[in-house]
2 protein chains.
Amino acid sequence: MSASGHAMRTVITTLRVLETVAELQPVGVSAIARATGTPKSSVHRCLVTLREAGWLTSSRSDRTQWVLTGRALSVGIHASVELGLREAALSTMQELRDETHETIHLISYDGDRDLVVVDRLDSDEPVRTWVRLGVRVPMHASCSGRAILARLPDAEVERLLSGELERFSETTPADRDAVMEDLRTVRARGYATNDRAWRPGVGAVGAALTGPQGRPLGAIAVSAPIQRYDADRARELGLLAVDAARRIGANL
Amino acid sequence: MSASGHAMRTVITTLRVLETVAELQPVGVSAIARATGTPKSSVHRCLVTLREAGWLTSSRSDRTQWVLTGRALSVGIHASVELGLREAALSTMQELRDETHETIHLISYDGDRDLVVVDRLDSDEPVRTWVRLGVRVPMHASCSGRAILARLPDAEVERLLSGELERFSETTPADRDAVMEDLRTVRARGYATNDRAWRPGVGAVGAALTGPQGRPLGAIAVSAPIQRYDADRARELGLLAVDAARRIGANL
DNA sequence: GTACGTGTTCCGCCTTGCGGAACACTCCAC
DNA sequence: GTGGAGTGTTCCGCAAGGCGGAACACGTAC
């Protein structure tokens, strides 16, 4: 697709291996080879290289398992510091959790393509939703994604929604038109909703966090098991999320 | 030094470029070339490759500047989740901050080599200390480092202190012997101290966070401007840090 | 105008990564 | 036991592909 074919193949595949380790760690050579579709010997070379670079360690025992080191952590945190989201959001997230008793997620949008869950405060209910920190969130299927899209100029929305839109369930927006229609609703009421559109059994509402120039830098989301989620609850949670987003935005 | 010379040169240099971007971002080609001692054309190729891999974006203006994307964030966060430190430490860190009114740092030790500041709660005083999240901390010169060393078996200490020990100031431990002597004190009283040994004008105390098997997974540190730091205050803060570390350890 | 400072492109030499295949090993079923 | 299906690791010859000096295009400072 994209222009520059001048990229180094070695590096690209090694980075893909690194990302796979991040997802599956602790993990062995064969599993990575399967997940990436790369020959085992090549994967092995990548792993050894990453260890020499200090990004991975091979954890002992009979079967060699690979895990990330603090180096990956260090580089990653520098990416988030630039935004300063976490610090700005922390106290408001706690208030929101106390008001709703549901799990609160903080999502970062890097202005380009990636949507990442950077922080989470857990619900105190016995039944609660769960995602791993660091997971990448789909733009079209999550309420955070659509809350952010609703604040972006049309050209950028167009670009972000190009390519295939993966369907996770019955309620995932089927195509670009469905998303665009939803965005009108989101713009009107200030928050986006998500009724099991991404992960099964999970409903959620999200509101965009905007910086000084009105540009979205991320989103805050409240997610609940579907048993505690219906139209009325969505409105209640949505209004709280919008208010929380406003307070957080004031700190950016 | 180390064994495997089978590592891929390309990848190693590209990762070094990536780390440099993390430190200096936003940053241009020439600055990176200077910092890493790599020819400009090679650095440029690395950057293009990293962009294609989705780890960097080139922010367009007159001068091309490079910054990390959320992909780096995502991978980095997965590294920290494995430890689960942040979640375990959050509430206790807040208590400790309220007790001391100084800046609290959470440091992660990945069991190998890297010591990274993963979280921070700021002091409410007008004069306060400051470090960037994600920065790598020296083992011998920081109180967190020495608090952790004090809990490690001799062989591992030996390995970690091999190589040159950088001197940051008059009070930085000069050599391995000086560190080893300090470790005895640390073991005796439970916390480590740091009187301007790493960063100028900053005093600090630190206590190790240990997992179920007693292995250190990180440290918690209280750092204060030297005006509010002397022997008495160090003891007071040290005891509070030790107690906080115990409470956090109970959650691991 | 001269002198540096950026970032970007080109191209021929020859290093270096490629990956199938063979290896050593552990576990499990029969 | 013996075979088979898993692991992770090593080898090696071929040629793909990365290297980096040099030249380029631009902007700013004096």
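The analysis underlying the following values was restricted to heavy atoms, covering all of them including side chains, and did not include hydrogens, waters or symmetry mates. Every chain is numbered from 1 and lettered A, B, ... according to where its sequence line falls, protein lines coming before strand lines.
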Compare all side-chain heavy atoms of [X] with those of [Y] and state whether any distance is below 4.5 angstrom.
| X | Y | value |
| --- | --- | --- |
| A:Trp66 | A:Pro26 | no |
| A:Tyr109 | A:Leu209 | no |
| B:Arg176 | B:His140 | no |

Quick one: [X] [atom1] to [N] [atom2], roughly how many Å, whole number?
| X | N | atom1 | atom2 | result |
| --- | --- | --- | --- | --- |
| B:Gln65 | C:dG7 | CD | C1' | 11 Å |
| B:Ile32 | C:dG5 | CD1 | C1' | 16 Å |
| B:His44 | D:dG18 | NE2 | P | 15 Å |
| A:Trp66 | D:dT7 | CH2 | P | 16 Å |
| A:Leu47 | C:dG19 | CG | P | 15 Å |
| B:Arg63 | D:dA25 | CZ | P | 17 Å |

With a sphere of 6.0 Å drawn around CZ of A:Arg120, does it hold more than 12 non-hydrogen atoms of other residues, nucleotides or ligands?
yes
Any donor-acceptor pair under 3.5 Å linking the side-chain atoms of A:Thr36 with those of A:Thr20?
no
Looking at D:dT7, I'd like to know if its phosphate oxygens (OP1 or OP2) sit under 4.0 Å from a side-chain N or O belonging to A:Thr64.
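For D:dT7, OP1/OP2 do not have a side-chain N/O of A:Thr64 under 4.0 Å.
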Strictly below 4.0 Å: does A:Ser30 bring a side-chain N or O up to OP1 or OP2 of D:dG8?
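For D:dG8, OP1 or OP2 has a side-chain N or O of A:Ser30 closer than 4.0 Å.
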Give me, pair by pair, the N or O atoms of the protein and of nucleotides 19-24 of chain D that are less than 3.5 Å apart, along with how far apart they are.
{"from": "D:dC19", "atom 1": "OP2", "to": "B:Arg45", "atom 2": "NH1", "distance (Å)": "2.1"}
{"from": "D:dG20", "atom 1": "OP2", "to": "B:Ser42", "atom 2": "OG", "distance (Å)": "3.0"}
{"from": "D:dG20", "atom 1": "N7", "to": "B:Ser41", "atom 2": "OG", "distance (Å)": "3.2"}
{"from": "D:dG20", "atom 1": "N7", "to": "B:Arg45", "atom 2": "NH2", "distance (Å)": "2.8"}
{"from": "D:dG21", "atom 1": "O6", "to": "B:Ser41", "atom 2": "OG", "distance (Å)": "3.2"}

Got a sec, which pairs hit salt bridge (charged side-chain N to carboxylate O under 4.0 Å, His left out) with one end in residues 33-47 of chain A, sequence neighbours left out?
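Output for this query is empty, none listed.
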